[in-house]
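Beneath this line is the structure, given in structure tokens, with notes to follow.
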Amino acid sequence: MPNPITVYHLPRSRSMRVLWLLEELGLPYEIDSLEYLPGNFGGADYTKIHPLNKVPAIKDGDMVMFESVAIMQYIMDKYAPGKLAPTVDDAEYGPYLQWLHYGESTLAPVIATMMYQRFFFPEEHRSAATDKWAQKELAKVLGMLETQLGDHDYVLKSGFSAADISIGYCLLLARLAKAHDQITDRIQDYWETLTDRDAWHTVSKM
Ligand SMILES: N[C@@H](CCC(=O)N[C@@H](CS)C(=O)NCC(=O)O)C(=O)O
């Protein structure tokens, strides 16, 4: 067993992706719980770990890194090769990488826009036009996910993978953003399949 990885964590933040992955893989980890200081998560001590005070980050021995999806790739490559991801010679490898990154690169920015519009910006800086744009965009990007899901349980036909963790976290974000109108029955079914997993049950309480 490797030494435990330290995960810098705030509930409901992207550190859930990392913890969910570690739970699915049964790898040891320790949590460093950050203090919620708006605009400066974790305070000055955490700036030494992540210069922008964004969550998550991990420490593995002397190595410190951030970016949730990159952390997932690091953990899988180093400690669980061949698990929760197709191998490079598999026909699903390209689509797997695409959907793994779709979570953070395509889904998350649209949902984050909604969250800022609806909850974080002061009233006078909110824009109905931006919110409307984000709603349309989210419907579009979730529509593409719905097409990919088809009638299988997970993003890849071969079954659950780290891509589902990356995207699944965004479905939590979408709920927090109150994007209920964009969550279709099919996306809701997918969410329920994901949140039925033991690892999710554990992580959702952290
Ligand atoms: N692309 C980064 C995004 C990190 C990020 O923005 N995390 C949020 C919490 S979920 C955060 O720290 N927000 C505070 C900020 O942006 O100052 C990742 O995937 O790790």
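Numbering of ligands and ligand atoms starts at 1, following listing order.
Looking only at atom types and distance, the side chain of Asp60 has a donor-acceptor partner in the side chain of Tyr74 under 3.5 Å away.
The 4.0 Å heavy-atom shell around ligand 1 contains residues Ser13, Arg14, Phe41, Lys54, Val55, Pro56, Glu67, Ser68, Glu104, Tyr169, ordered by chain and number.
Annotation: side-chain hydrogen bond (donor to acceptor under 3.5 Å, both in side chains) contacts of Tyr154 (sequence neighbours excluded): Arg197. Residues forming a side-chain hydrogen bond (donor to acceptor under 3.5 Å, both in side chains) with Arg12 (at least two apart in sequence, or on another chain): none.
Hydrophobic clustering keeps Leu19 apart from Tyr8 (ILVMFWY residues linked when any side-chain heavy atoms are closer than 4.5 Å, directly or through intermediates).
A distance of 4.0 Å separates CE in Met114 from CD in Gln182, rounded to the nearest 0.5 Å.
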Please set out all donor-acceptor pairs under 3.5 angstrom arising from side-chain atoms of residues 28-45, sequence neighbours excluded.
residue: Tyr29; atom: OH; partner: Glu23; partner atom: OE2; Å: 2.5
residue: Asn40; atom: OD1; partner: Asn53; partner atom: ND2; Å: 3.0

